[in-house]
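Worksheet for the structure shown next.
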Amino acid sequence: MRPALLSSRRSLHFWPRVSVMNTKVLPVDITHFRFQAQPDDEFGVQNAKPVITKETDQTAILEAVRELKAGQAVGIPTETVYGLAANALQEDAVAKIFAAKNRPADNPLIVHVSSLDMLKTFMPDNTIPPVYLPIIKKLWPGPLTIILPSSPMIPSTVTCSQPTVAVRFPSHPVARALIDACGFPLAAPSANSSGKPSPTLASHVFHDLQGKIPLILDGGPCDVGVESTVLDALRTPPAILRPGGITYESLLSLPHMNKLQVYRKHFVDEALEQAPTTPGMKYRHYSPDAKVVLFEHSDKVSETTVHEVFETKWKSELAGFQKAGVTVRKVGVLQTTPEGEACHWEQVQSKDGVEYIEIQMGRRGHPEEVARGMFKGLRELDSRGVDLIFVQGIPELHEGMAVMNRLRKAASKIIDLGEL
Ligand code: AMP
Ligand code: MG
């Protein structure tokens, strides 16, 4: 009998089956964490030492440390979105992240540190490229990831065999104190099932990953709500590879950043386009189960007509679906709060056998609020079982650039309304 033909090429999507385990959720209170800056150190803030003032929080951190030291992946709060963390220096631990999320193996991970001293331990020659020092001093800890040269200490599964590694120093007190207590860096992508909207609450992580990871630390809602900005200052001119929590506008004014470009907005590069590290081209991203239709417009809009036009357009789009025979029972509308009106999270109405659930992400003109409410809104509408989600776009300014980047990837249809 001929031997069975075994392929040595493992499909990117098939990681070993994840064993079913009990997922514990432990609350942590961020008000019980303090950081003491190191005196006489130019980077005293970035080398600060954590102090946890309450025993229950110390115990929760120690429990997470125990799991991470045992090579497990743990859900943790960060200021951007919840992360799924594992020891970045251990290949087996990193594999658990890919397995739990069902993340494609060629999508590299960001390595999280809790001090510059920790970062130096895995930099070639223990040296951070000088171009980054003023940026680190100003923006770390915070929602900024920088591209650095990698080293043999970082497993190739983290970098996907690229010569570079992406590193972030999160400002969330729980993430900072946890990494410090581990004593090793943590690789951590967002703690959602691959392709789904990112989690901004511990309950989102539980929904996606229960039974697949042993522990989630619940530090409350994420403050930023979108992932970090990915900055590559090793290239000339420097480039934002992915817009995020730190805005293009705030980076521009920093040393060496006056020629800063945003990938796909200001330039496209064939090599980058092919690289697995380029965010969001190759894979489905941030998408709820419902079909998402995004209405975008030019940055110069008349704020007086923007809501009226959105309502008229989504209603006519809905009529088009119904005319084409699509059964629509529940419609989600994700929009901004008009300037001067009080923000309501949710409003439900029924008309002609269709239920309409309207959610407001945040006030128009406050893109940081919209960023905070966007993933939460997409997840909420999905959990309500809507068939369609109509989303109102916002100008691509400040945090609006990150918001529109995510919404475009979540959308299965984009309707450009031009200048309103
Ligand atoms: P996330 O999916 O939010 O965990 O973010 C990871 C993203 O960071 C990847 O999808 C890449 O876009 C980016 N990234 C990670 N490592 C690198 C790298 N070495 N070079 C460029 N981008 C990277
Ligand atoms: Mg992600």
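Whatever order the structure lists them in is the order used to number ligands and atoms, beginning at 1.
- Remark: ligand 1 atoms within the under-4.0 Å shell around heavy atoms of Leu241 are 21 (C).
- Looking at Thr159 against ligand 1, nothing comes within 4.0 Å, counting heavy atoms.
- Checked by atom type and distance alone, the side chain of Asn126 pairs as donor or acceptor with a backbone atom of Lys120 at under 3.5 Å.
- The shortest heavy-atom contact between Leu133 and Phe43 is O-CE2, 3.8 Å.
- At a 4.0 Å heavy-atom cut-off, ligand 1 does not touch Asp232 at all.
- With a 4.0 Å cut-off on non-hydrogen atoms, Arg168 does not touch ligand 1 at all.
- Set against the non-hydrogen atoms of Thr164, the atoms of ligand 1 under 4.0 Å away are 18 (C), 19 (N), 20 (N).
- Of the possible polar contacts, one joining the Gln46 side chain to the Lys137 backbone as a donor-acceptor pair under 3.5 Å is found.
- A donor-acceptor pair is defined here as one N or O able to donate and one able to accept, closer than 3.5 Å; such a pair exists between the side chain of Thr78 and the backbone of Thr80.
- The contact set between ligand 1 and Arg242, taken as ligand atoms under 4.0 Å from a residue heavy atom, comprises 1 (P), 3 (O), 5 (O).
- Using a 4.0 Å cut-off between a side-chain N of Lys or Arg and a carboxylate O of Asp or Glu, Glu339 and Arg364 do not qualify as a salt bridge.
- For ligand 1 and Pro189, the ligand atoms under 4.0 Å from any heavy atom of the residue are 4 (O).
- Heavy-atom proximity to Ile110, at under 4.0 Å, picks out these atoms of ligand 1: 5 (O), 6 (C), 8 (O).
- Each of the following atoms of ligand 1 lies closer than 4.0 Å to a heavy atom of Asn107: 9 (C), 10 (O).
- Coordination check, Ser190 versus the Mg ion (ligand 2): passed, since an N/O/S atom of the residue sits under 2.8 Å.
- Shown here for Arg176 and Ala48, the closest heavy-atom pair between the two residues is NH2-CB, 3.8 Å.
- In terms of modelled atom types and a separation under 3.5 Å, the side chain of Thr145 and the main chain of Arg168 share no donor-acceptor contact.
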